[in-house]
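Along the sequence shown, residues carry numbers from 1. None of these values were measured; they are calculated from a predicted model. Just follow the structure's listing: the first ligand is 1, and inside any ligand the first atom is 1.
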Amino acid sequence: MNFHCFSMQVLHTIINLQNELSKDKGSDKTIGFVPTMGALHQGHLELVRRSVVENDVTVVSIFVNPTQFNDKTDLLKYPRNLQVDCDLLRETGCTYVFAPDADEIYPEPDTRRFDFGALANVMEGRFRPGHFNGVAQVVSRLFDIVKPDKAYFGEKDFQQLAIIRAMVKQLQLNIQIIACPIVREADGLAMSSRNIRLSDTQRKEAVFISKTLFDSREKQKDYTVPALKNQVIAQINAMPDLQVEYFEIVDGYTLQSIDNWNDTNYPVACIAVFAGEVRLIDKISY
Ligand code: AMP
């Protein structure tokens, strides 16, 4: 136990959270914010620890946002355990956990339509229609409630980071967006709240996603972009329980696919794979 155990507060309403935050803002404290959907793991906790180091106060939101799920089964099966999450957060030095109900965030249906142009039409945007609109709805709402100085996002959701940056620009928000590297299991699998839904066989096979991505980095100089893409897809699909939804090598700024390595100085590979019913994503830079 450390002293942080006694200072973290769990709040469920906007009014209670804002009452607390107004005291902090009154004394000029800086506010770091980490939006999550709960079922926390070390990937989330790294974002929180970084926020705790860089800010006076850290707010972590736990909210499974219905508007970003295009697949209702995924929403229903999304793991939820507030008590365990709070126990983990107490150890990080987090100041406030904000865990609202859907009615609190959406007292009325959110009908806003964001336009992120080409950024939102590829990869996740192509295969999860409406997903990024829902992400922008909830994150803009949460930003408006918390009014943080800095907000922390993981590079695992690489496209989401680009969308959030675009949204901050569009809405002219004075919030610094901080990108944090992917935290992986010891065998390389990117940590995800969805990993606990994997069967033993699926979990064993899932390691081939990151392994194949890392191998592709070694091979990069010997292959053209299309040849490397085909090879990665074929290798992962060769596993009985894995099915690649997309694998793209893109310019890390525009997220548009490249045909040649010299099309960009920031090549990034992004992948989505189904392990049975569970959808996993990962990303590496070359
Ligand atoms: P989620 O709860 O899945 O919406 O994730 C909340 C935040 O944690 C997002 O910014 C994610 O990108 C980030 N995150 C999730 N998994 C990881 C990971 N393995 N490494 C780093 N960040 C992560």
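- Separation of atoms CZ (Arg184) and OG (Ser192) is listed at 12.0 Å; rounding is to 0.5 Å.
- Within 4.0 Å of ligand 1, protein heavy atoms belong to Pro35, Thr36, Met37, His41, Gly43, His44, Leu47, Tyr78, Phe153, Gly154, Lys156, Asp157, Gln160, Pro181, Ile182, Val183, Met191, listed by chain and number.
- Every side chain to side chain contact (heavy atoms under 4.5 Å, CB included) that Gln256 has, sequence neighbours left out, goes to Ala118, Val122, Thr254.
- Side chains of Tyr106 and Gln137: no donor on one and acceptor on the other come within 3.5 Å.
- Judged by distance alone, the side chains of Asn16 and Thr13 do bring a donor and an acceptor atom under 3.5 Å apart.
- Listed by chain and residue number, nothing satisfies the side-chain hydrogen bond (donor to acceptor under 3.5 Å, both in side chains) test with Asn121 (two or more places apart in sequence, or in another chain).
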Side chains of residues 235-249: which donor-acceptor pairs under 3.5 Å do they make with residues two or more places apart or in other chains?
{"residue": "Asn237", "atom": "OD1", "partner": "Val244", "partner atom": "N", "Å": "2.8"}
{"residue": "Glu245", "atom": "OE1", "partner": "Arg279", "partner atom": "NE", "Å": "2.8"}
{"residue": "Glu245", "atom": "OE1", "partner": "Arg279", "partner atom": "NH2", "Å": "2.7"}
{"residue": "Tyr246", "atom": "OH", "partner": "Glu124", "partner atom": "OE2", "Å": "2.4"}
{"residue": "Glu248", "atom": "OE1", "partner": "Lys229", "partner atom": "NZ", "Å": "3.2"}
{"residue": "Glu248", "atom": "OE1", "partner": "Ser257", "partner atom": "OG", "Å": "2.8"}

